[in-house]
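To start, the structure itself, in structure tokens.
A note on names: the letters A, B, ... follow the listed sequences, proteins ahead of strands, and every chain is numbered from 1.
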Amino acid sequence: MEEKTNATPTNFIREIIDDDLKTGKHTKIHTRFPPEPNGYLHIGHAKSICLNFGIARDYSGLCNLRFDDTNPEKEDVEYVDSIQEDVKWLGFDWDDRMYYASDYFQKLYEFAVQMIKDGNAYVDSSTAQELKDMRGTPTEPGMFSPFRNRSADENLRLFNEMKEGKYEDGTHVLRAKIDMASPNMHMRDPVVYRIKKATHHNTGDEWCIYPMYDYAHPISDWMEGITHSLCTLEFEVHRPLYDWFLEALNLKNRPRQIEFARLNLTYTVMSKRKLLELVQEGYVSGWDDPRMPTICGLRRRGYTPESIRNFADRVGVAKRDALTDVALLEHSVREDLNKTALRMMAVLKPLKVVITNYPDDLVEELETINNPEDETKGYRKIPFSKELFIEEEDFQETPHKKFHRLSPGKEVRLKSAYIIKCEEVIKNADGDIIELRCTYDPETKSGSGSPRSVKGTIHWVSARHALKAEVRLYERLFIDEDPAGHDDKDFREFINPDSLQILNGCLIEPALANGKAGDKYQFIRNGYFCVDPLSTEKLLVFNRTVALKESFTKAVEKK
RNA sequence: UCCCCUUUAGUGUAACGGUUAGCACAUAACUCUCUGAAAGUUACGGUCGUGGUUCGAAUCCACGAAGGGGAACCA
């Protein structure tokens with residue numbers, strides 16, 4: 001369990017850490033995963049979680065979970081709960097180091113007072129619009145606010161009054177005094193505190209002034225003893241500010257911010273706003289819809305934590321914007337499930353087969369292996385009888401030349417059972433095939449050592465013993481590789497109308513009767529499936545996690 | 001328009017001045033198979049461009065191009 005054969009590949013961040021360890025800059029590595037509790041975590045967060053917690057694990061360091069909750073209007077406990085659940089589910093543990101940026105509000109306030117005393121911050125009483133107007137543009141420097149030279153005493157008094165709730169939202173802000181002419185807009189006297197008379201999910205009504213991210217983040221990192229503060233590329237231009245606050249407050253043992261490219265996956269969207277729109281506008285059933293790239297969606301879809309961690313390792317970490325092929329994610333689950341999932345017989349689109357020469361009332365209990373990749377998973381019995389169901393598409397009346405399943409006069413092996421031969425095709429008045437009449441060769445029972453072999457082997461269920469089930473097949477949610485990547489088109493235009501297909505008449509082998517939510521199986525020759533949380537004894541519901549790779553249909557389709 | 005970042009096969013990533021530029025996924029072919037899966041073998045295919053430095057450049061420099069980010073009292 002401990003030693004991994006497939007070690008996490010190195011990356012530029014690990015190289016920086018190696019170097020910091022070598023030079024003695026640090027002796028212990030400390031990272032953090034700092035989500036804002038304003039939405040559900042998705043696969044992109046999983047990358048960050050695996051990076052931060054993975055580094056802590058590999059360097060015998062620590063990784064904190066910290067809720068970056070400096071904006072009460074957007075945050076909610078619903079999200080802090082789901083985030084904890086998802087991080088744990090992914091297999092990571094923050095021990096007792098779960099923090100909130102809001103835990104630091106008092107300290108943050110004191111540091112702000114210090115900055116005012118040092119002449120590094122001032123209260124600005126301009127309106128938001130005036131602030132915007134004075135900021136200038138990327139090509140033109142900003143202008144000094146008329147409030148920029150208020151005395152420290154006046155600033156202190158005003159800032160305290162802001163805190164005491166004397167002023168309304170938007171009437172004053174605290175600003176860092178930096179450089180209104182900086183080519184980096186973030187350095188043009190950024191807002192440090194704003195007034196928000198809102199109830200905070202953690203601190204309630206204790207505060208009515210809230211620190212901005214740019215200010216709270218470096219200090220929170222510093223207070224937790226973070227050595228490497230990893231974030232995504234869009235914060236690159238914030239780094240000078242991050243460093244500026246640490247410098248202005250003369251803090252020692254400073255954390256270092258390092259940016260990496262966020263994860264993008266083909267055929268999906270990753271922004272919280274877009275995911276929210278998919279939920280709110282009813283394109284999906286909720287945050288945990290199995291088509292969603294959210295952690296809870298992937299979990300419900302049947303993805304395993306192991307497969308997501310392996311995926312994150314394979315994706316790697318770098319600084320260039322990338323669009324990762326979702327096939328890599330799918331490969332990661334297949335790889336994991338192939339080793340762990342029990343094989344089961346399940347017929348999604350049933351076609352009746354009657355074995356005419358099989359005794360009417362005989363039921364044989366045939367033995368089959370649970371997972372050929374893992375002998376220790378053992379064997380089980382499957383009932384076999386005269387009337388069976390096979391997969392509709394495993395029969396072709398006029399077979400394609402390379403088709404080697406069942407067709408008139410041809411033979412096929414029923415997995416773990418017998419070789420059968422199709423003798424007669426029964427059709428209804430409309431000409432639809434409704435039944436196949438076959439004969440079986442009693443000498444070919446599985447495990448009997450029969451020398452006969454046929455090209456095809458198909459799965460089946462016994463009509464009398466099969467259970468009914470609902471099976472949900474999922475396709476990609478979007479028909480475009482990069483639905484959010486078109487300036488001229490809304491991502492909704494690329495929604496795949498056929499991303500969900502519900503099959504109602506599926507028939508599954510009786511061993512599947514007591515599957516519990518989340519149980520994972522391979523339905524032989526069909527794919528990997530898991531029991532949906534909404535599944536009941538009365539109505540078994542399965543989600544297809546991912547189909548098996550299928551070279552035959554692909555080859556045929558190409559012709 | 002100004003600032004910052006990035007650029008290696010179809011995709012993702014490695015190589016840190018000296019390797020036939022590696023690995024994974026994808027794709028294709030074959031072998032095997034009581035899953036047309038898995039497994040195994042093979043194939044395919046790459047350093048953004050132009051100059052320069054150097055005995056030697058994916059790697060260093062310059063210029064250019066392309067992509068991304070940046071002007072919330074969001075994170």
Practice prompt. Tell me yes or no: between the side chains of A:Asn160 and A:Tyr109, is some donor less than 3.5 Å from an acceptor?
Written response: yes
Worksheet item: Within the structure shown, what part of the strands sits under 4.0 Å from A:Gly447 by heavy-atom distance: base, sugar-phosphate, or nothing?
Response: base
Worksheet, complete the sentence: Under a 3.5 Å limit on both distances, the Watson-Crick or wobble mate of B:A66 is B:U6
Discussion item. Quick one, A:Asn202 with A:Ser102, criterion side-chain hydrogen bond (donor to acceptor under 3.5 Å, both in side chains). Give me CA distance, side-chain angles, the key distance, then yes/no.
Written reply: CA-CA 7 Å; A:Asn202 186 37; A:Ser102 53; 2.7 Å; yes
Discussion item. Looking at the base of B:C16, is there any donor atom on it, or on the side chain of A:Glu15, that sits under 3.5 Å from an acceptor on the other one?
Written reply: yes
Discussion item. Should the side chain of A:His404 and the base of B:G36 be counted as holding a donor-acceptor pair, with the cut-off at 3.5 Å?
Written reply: yes
Discussion item. Could you check whether A:Glu509 pairs with A:Arg380 (Lys NZ or Arg NE/NH1/NH2 to Asp/Glu carboxylate O, under 4.0 Å)?
Written reply: yes
Response to the item:
Of A:Glu75 and A:Lys47, the one whose nearest nucleotide on RNA chain B sits closer to the 5' end is A:Lys47
Fill in: Basic-acidic side-chain contact under 4.0 Å: A:Lys489, A:Asp480
no
Worksheet entry | A:His238 (side chain) and B:A75 (base): donor-acceptor pair under 3.5 Å | yes
Worksheet item: Looking at B:G36, does its base get a donor-acceptor pair with the side chain of A:Arg525 below 3.5 Å?
Response: no
Worksheet item: Is A:Glu140 side chain donor-acceptor paired with the B:U1 base, going by distance under 3.5 Å alone?
Response: no
Worksheet item: B:G36 base stacked by A:Phe552? Criteria: ring centres under 5.5 Å, plane angle under 30°.
Response: yes
Discussion item. Rounding to an integer number of angstrom, what distance separates B:A29 and B:G68 when you compare their C1' atoms?
Written reply: 39 Å
